[in-house]
Protein chains: 2
Amino acid sequence: MKAKYITIIDIARQLNISKSTVSRALTGHPNVKEHTRKAVMELASSMEYQRNSLALGFSKHNTNTIGIMVPEFMSTYFPSVIVGVQDVMQAAGYNVVICQQNESYESEVSNMKLLLSYRVDGIIVSHTKETRNFDHFTLAQRRGVPLVFFNRVPEDMNVPNVIVNDYEAAFQAVEHLIRIGRRRIAHLAGPESLVNTRLRRQGYLDALKKHGIAHNPDLMLSYDLTTEKVKIYMKHFLELDTPPDALFAINDPTAIAAMEVVKAKGLRIPEDIAIVGFSNDFSAGLVHPGLTTVAQPTSEIGRTAAEMLLQEMRAKVKNDYTIKKAPTVQLSTRLIIRESTVPEEKSKKMVKSK
Amino acid sequence: MKAKYITIIDIARQLNISKSTVSRALTGHPNVKEHTRKAVMELASSMEYQRNSLALGFSKHNTNTIGIMVPEFMSTYFPSVIVGVQDVMQAAGYNVVICQQNESYESEVSNMKLLLSYRVDGIIVSHTKETRNFDHFTLAQRRGVPLVFFNRVPEDMNVPNVIVNDYEAAFQAVEHLIRIGRRRIAHLAGPESLVNTRLRRQGYLDALKKHGIAHNPDLMLSYDLTTEKVKIYMKHFLELDTPPDALFAINDPTAIAAMEVVKAKGLRIPEDIAIVGFSNDFSAGLVHPGLTTVAQPTSEIGRTAAEMLLQEMRAKVKNDYTIKKAPTVQLSTRLIIRESTVPEEKSKKMVKSK
DNA sequence: CTGTTAGCGCGTTCAT
DNA sequence: ATGAACGCGCTAACAG
């Protein structure tokens, strides 16, 4: 059941001219008689000629296609970054191929090889939570395929990337909790493999320190981002002799899952325990009470990463990041205060005073 | 800044053998001396040889790649269908390229041409809300590229597809509203271009009819799925002389946006107005009150579509759907009752009694 | 078991 | 203004 496509040879035969002429007419080469060009164009369109990008990329050594690799599709974060990437890339005449890894390292390696085997011109990446070995990324670099990372950036690689101010954002979020009078602030951190985890945790620790609150190791746990674990750990927190009066969660899904546990226990949010998330997922504004969280400029992250990649791809001489510092763009976040930390009336006042 | 890849010729030269032998060794052809094979494999891996799928697909006329085209990424519906597709396709040795159209007809046409120009072996599609012309799809069929539709299926095309029982699901949802005593049931329908819109609307109308409730045209509006319009129309409904006591929304984002309007007006859900959505998006369980909605088996939809596509691609003789009825699989939905129609205690009872 | 050759579709010289 | 010939990387058919 082979597909059947029209080629420039078919067109050439019908018109009794050479395929070179057809090729020239189709690509807008100046040296083609107007009459001939018109005939070619008309026949091509009536035969629904569809150019073969494989053949083209094959001989030209570039495909006008970039890949984007994201770890998951379950929150709205990555899809909206992708929309930003597509905006810019489409305008620049590039096609975007999306690969989604389901947080699996294996998928990531095989998808990377897939993209390389299809000779994409560049790749935008956020790695999985399982990724500890980065050989598949350096392989791309060695092959001269530009990479731009965002959100989850490997610490040991010198590579262009787009990030947000995770440390400050976490610091501010925790400071917000302290300002509203909380002292026993728990932190559900992410996996050690993610640089975000470490930055946000440091922000958490330093905010406590600044305000003279001793860090209680019992109130901090790293976990693997699965819902089941949140439930276990959150229950554990709540059953401590002196349970926390606030929670800073690594991301919104974590915060939302934690809220479920709190509500199931019959505790009140924010009165008994205030909760802050991270990223301002679509659902953060929908849960009850609304989730205080750190908003990330998702579509701008995507657009910025795309623009950085375009620069890399357009560079006449490949940037050698073994000898040169790779560019980093840090975008700003914004703390969104909702009812999970400040009850209704109060929160309205705070927004106004902003 | 051209990328530089190793080819089988490089390997052949180093080993002083012909590229055919290298090719055979690499592809596991039986007629290669063990010694030679080993040498090839070792060199290939130490040089980090990465096969060129372009060249392969180019000469073999198939790419082991399928495309999936979805209209949007804003709800969790399409991403989770995609995860199902990937499951099946990965196991079958296919690569999946995802295209997202932002609900734009133009993007759809250009992405379709993109996929065709890359000679994908098959395509899974849900079309945009703007799509009224289906030539780009029939083009694929004429080229012998199998298509499988899901969710948004063109009515005039005889093409394999995976759908849910939209009509019955809508019927049951509305019947549920009637059972809890509602009579003035409004319906926010989707764009006329979507077959879902028509089926769900018919289910709505027939449920009213069955229960002897006259259809009030003032209570039914079609709209373009943008949040701004929901707000306008919902306000309009609520300001009618005799406003509705229930709303059946075409999908969950619509229902959730409508809930905002209701709450802003100071009305109670479900006491003043009960609300039902469609699809059981992730956020449906998070909003307050929880949204009663029709759950779709998203990942099963994806897996089923993928399996249908595999069958099409594997068919020795291409199925000619101009003369033969295309297969349809209809999957079942399930009405999930939450607090947007039945207050807390009551809804718990109903779940138990199930 | 291995080497040689042809061909996939296209753009691109190099001739004419 | 046009045609002929080549090459991109790989597999397959054919010839040893």
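In what follows, chains carry the letters A, B, and so on, assigned in the order in which the sequence lines appear, proteins first and then strands, with residues in each chain numbered from 1.
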Taking only side-chain N and O atoms of [X], does any of them lie within less than 4.0 angstrom of OP1 or OP2 on [N]?
X	N	value
Y49(B)	dC10(D)	yes
N31(A)	dA1(D)	yes
S18(A)	dG3(D)	yes
T36(A)	dT2(D)	yes

Look only at the side chain of R152(B) and the backbone of H127(B), and say whether a donor-acceptor pair between them is shorter than 3.5 Å. yes
Interatomic distance where CG belongs to N52(B) and P belongs to dG9(D) [whole Å]: 7 Å
Whole-Å distance between dG3(D) P and H29(A) NE2? 13 Å
Do T138(B) and R142(B) have side-chain atoms, one donor and one acceptor, less than 3.5 Å apart? yes
Under 4.0 angstrom, heavy atoms only, what part of the nucleic acid is [X] near: base, sugar-phosphate, or nothing?
X	result
S23(B)	base
T21(A)	sugar-phosphate
L54(A)	nothing

Residue E48(B) excluded, over 12 heavy atoms near CD under 6.0 Å: yes
More than 12 heavy atoms of other residues, nucleotides or ligands under 6.0 Å from CZ of R119(B): is that the case? yes
